[in-house]
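For reference, the structure is listed below as structure tokens.
Please read these numbers as outputs of a predicted model, since none were measured by experiment. Residue numbers begin at 1 in each chain, while the letters A, B, ... track the order of the sequences.
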Amino acid sequence: MTSNTAESETQLFEPATLKSFRADLKRWYRKAGRELPWRLTADPYRIWLSEIMLQQTTVAAVIPYYERFLDRFPDVMALAVAEEAEVLRLWEGLGYYSRARNIHKTARIVAEERNGEFPRSAAELHELPGIGRYTAGAIASFAYDLPAPILEANTQRLYARLLAYDRPLQSTVAQKTLWGFAEQLVPKRDPGLFNQALMELGGQICKPADPLCDACPVSRHCRAFEQQRQQEIPHPKKKIELTDVVHLCVAVKQDDRFLVRQYSPEERWAGLWDFLRWEQNDFPILKRSRSRKSGELFTDHDLFPQEFARAEQLLRERYQLQAEIQDLALTIKHGVTRYRITLLCLVAEFDVNLNDDQPGDQQWVTREQLKELPLSKTGRQFANHLLNQ
DNA sequence: GACACGTGGGC
DNA sequence: TGCCCAAGTGT
């Protein structure tokens, strides 16, 4: 069989290949697999929580969140009776906050409609909020040892290389082919262990750049390796253009309280709180920066004197902020989907007449309340900056 | 089917 | 520094 086969002709594995592939992979995983916290349990609640947290998120980032979350909510009933705000507070900094809202919704469904018991099939798990086909298969195989296939970033790359599948992976036909391969691969015996092993291999050996083929236990079954095309498979993704935007952020202060608002459901960071914040379409992009770690903040009027003067002018003219703007200020750079945001943060002593053009609830909160509120990443950075004054 | 959704780490 | 990537899902 040659490469560049049409979708419909993609050859999967022969039965004999399948058998030795599975044996090689399991042998390797028993020796090389990591002992991650969620691999030490078969509790569907814990498996579910870990799988949601791990969506588009690295293992290293998840571990501390996973531990804290379980300390506070040891089972699905504890989570179900919690306030959404507290769930979001525990999720703060992890990103993709719809996951936190969905995990709360699902906890309530499982608690109220299923007496605290998770569904025991991938199909039923798939119906719950935040559980797609991958996560349903992961829970079914890890918690119940059901032979459900999985396809996610690690296994997608692995399968593509095993099959020397060199077309773009996002198309419907590609996904159909790879899911079909996953179905073929998953064994009836120890499917949970096997699925873990597939992901471990994809993550630790079959890496995106410079895969460790010399250390790979299944390289003899890999068509990309056979053809020495592991560097060009999978097909590279089309790159996404970033747009620079400037946001103005104002911590309005009165006595010992700060004005905050909650993002409404249609907005990014829905459900989280922040200081007042406006996107500036006509603001010059700040190019200069001080040498620093990404995401770190650096105060100053000194580095961007004209920009801060302009920011103050806009607050007065455009937003009718009749307040005394204090010298304390900082800029924060951060990225979100398709945007690179430069945030100009200012502090203003409240006077009167703030033009109220922001959606969502506004509230005055004390310093102590600010600590407990779920904030966006930059909101928390700014808040810490203020609280440490 | 394309796009939105957040953040942190590696090179 | 800039770019790529990460145990996807919902719309």
Side-chain angles (χ1 to χ4, degrees), chain A residues 34 36-39 47-66 88 91-103 105-106 125-139 141-142 150-158 168-175 179 182 192 195-204 207-210 234 236-244 263 265-272 274 287-296 332-341 374-381:
Chain A
R34 294 166 295 172
L36 301 174
W38 41 87
R39 286 181 176 167
I47 305 282
W48 165 62
L49 177 65
S50 71
E51 287 305 329
I52 303 299
M53 285 187 165
L54 285 161
Q55 288 170 6
Q56 301 287 284
T57 310
T58 57
V59 166
V62 165
I63 289 175
Y65 281 87
Y66 177 77
L88 285 169
W91 210 272
E92 188 188 289
L94 200 54
Y96 284 139
Y97 299 97
S98 64
R99 293 183 296 174
R101 297 191 299 273
N102 281 335
I103 213 169
K105 276 187 209 160
T106 287
L125 286 161
H126 197 168
E127 295 172 11
L128 293 166
I131 299 182
R133 185 170 179 190
Y134 160 72
T135 303
I139 298 169
S141 61
F142 303 156
I150 54 162
L151 181 65
E152 40 65 71
N154 294 309
T155 45
Q156 180 162 282
R157 182 174 58 251
L158 173 65
L169 298 182
Q170 64 276 13
S171 71
T172 305
V173 275
Q175 291 297 303
W179 272 110
N195 279 344
Q196 287 285 2
L198 285 171
M199 284 195 289
E200 190 78 353
L201 185 67
Q204 301 297 119
K207 299 189 292 183
D210 306 319
K237 294 178 205 165
K238 111 168 169 237
K239 78 165 185 204
I240 293 157
E241 297 243 348
L242 281 187
T243 306
D244 275 294
Y263 287 106
E266 315 76 54
E267 294 179 282
R268 177 178 298 149
W269 299 299
L272 301 188
D274 210 336
K287 292 290 188 193
R288 286 155 289 157
S289 76
R290 202 168 265 173
S291 172
R292 66 197 158 73
K293 275 174 61 180
S294 170
E296 196 173 316
I332 303 172
K333 273 188 184 292
H334 67 120
V336 293
T337 320
R338 287 170 193 271
Y339 295 98
R340 179 167 45 224
I341 303 176
L375 302 180
S376 70
K377 181 188 72 159
T378 55
R380 182 59 65 197
Q381 285 184 251

For B/dA4, take OP1 and OP2 only and decide whether either is under 4.0 Å from a side-chain N or O of A/Arg338. yes
Sequence-distant partners of A/Arg380, salt bridge (Lys or Arg N to Asp or Glu O under 4.0 Å), two or more places apart: A/Glu92
Atom pairs under 3.5 Å, N or O on each side, protein against nucleotides 8-11 of chain B: can you list them with distances?
from	atom 1	to	atom 2	distance (Å)
B/dG8	OP2	A/Lys377	NZ	3.3

Please report, rounded to the nearest Å, how far the P atom of C/dC5 is from the CG atom of A/Leu242. 14 Å
How many whole angstroms separate atom NE2 of A/His334 from atom C1' of B/dC5? 14 Å
Find the distance A/Leu272:CG to B/dT7:P and express it as a whole number of Å. 8 Å
Enumerate donor-acceptor pairs with a distance under 3.5 Å from any side-chain N or O in residues 129-137 of chain A to protein atoms, sequence neighbours excluded.
from	atom 1	to	atom 2	distance (Å)
A/Arg133	NH2	A/Glu183	OE2	3.2
A/Tyr134	OH	A/Glu51	OE1	2.7
A/Thr135	OG1	A/Gln55	NE2	3.1

Take atom C1' in B/dG8 and the same atom in C/dT1, then report the distance between them in whole Å. 16 Å
With sequence neighbours left out, what residues match A/Tyr96 under ring-ring contact (aromatic ring centres under 6.0 Å, His included)? none
In whole angstroms, how far is the C1' atom of C/dA6 from the CD1 atom of A/Ile63? 14 Å
May I have the distance from A/Glu241 (atom CD) to C/dC4 (atom C1'), rounded to whole angstrom? 15 Å
Residues at least two apart in sequence or cross-chain that pass side-chain hydrogen bond (donor to acceptor under 3.5 Å, both in side chains) with A/Ser50, listed by chain then number, are none
Integer angstrom distance from the P of C/dC3 to that of B/dG6: 23 Å
Listed partners of A/Tyr66 passing side-chain hydrogen bond (donor to acceptor under 3.5 Å, both in side chains), at least two apart: none
Work out how far the P atom of B/dC3 is from that of C/dA7, and round it to whole angstrom. 23 Å
Chi angles and distances behind the side-chain contact (heavy atoms from CB on, under 4.5 Å) call for A/Met53, A/Trp91: CA-CA 9 Å; A/Met53 285 187 165; A/Trp91 210 272; 3.5 Å; yes
Which residue, A/Lys238 or A/Thr378, contacts DNA chain B at a nucleotide closer to its 5' end, judged by nearest heavy atom? A/Lys238
The side chain to side chain contact (heavy atoms under 4.5 Å, CB included) partners of A/Gln204 (sequence neighbours excluded) come to A/Arg34, A/Glu200
Rounded to whole angstroms, how far apart are CZ on A/Arg101 and C1' on B/dA4? 12 Å
Could you list, one pair per line, each protein nitrogen or oxygen that sits under 3.5 Å from a nitrogen or oxygen of nucleotides 7-11 of chain C, together with the distance?
from	atom 1	to	atom 2	distance (Å)
C/dA7	OP1	A/Asn154	OD1	2.8
C/dA7	OP1	A/Asn154	ND2	2.6
C/dA7	OP2	A/Asn154	OD1	2.8
C/dA7	O5'	A/Glu152	OE1	3.3
C/dA7	O5'	A/Asn154	ND2	2.8
C/dA7	O4'	A/Glu152	OE1	3.0
C/dA7	N7	A/Glu51	OE2	3.0
C/dA7	N6	A/Trp38	NE1	2.9
C/dG8	OP1	A/Ala153	N	3.0
C/dG8	OP2	A/Gln56	N	2.8
C/dG8	OP2	A/Gln56	NE2	3.0
C/dG8	O3'	A/Thr135	OG1	3.4
C/dT9	OP1	A/Gly132	N	2.7
C/dT9	OP1	A/Gly132	O	3.4
C/dT9	OP1	A/Thr135	N	3.1
C/dT9	OP1	A/Thr135	OG1	2.7
C/dG10	OP1	A/Gly130	N	2.4

Looking only at side-chain N and O atoms, does A/Trp269 come under 4.0 Å of OP1 or OP2 in B/dT7? yes
Using distance alone, with no hydrogens and no angle criterion, decide if A/Thr337 and A/Arg268 have a side-chain donor and acceptor under 3.5 Å apart. no
Roughly, in whole Å, what's the span from OH in A/Tyr97 to P in B/dG6? 7 Å
What is the distance from CZ of A/Arg268 to P of B/dC3, rounded to the nearest Å? 15 Å
Residues two or more places apart in sequence or in another chain: which of them pass side chain to side chain contact (heavy atoms under 4.5 Å, CB included) with A/Thr155? A/Ile150, A/Leu151, A/Glu152, A/Tyr159, A/Leu198, A/Met199
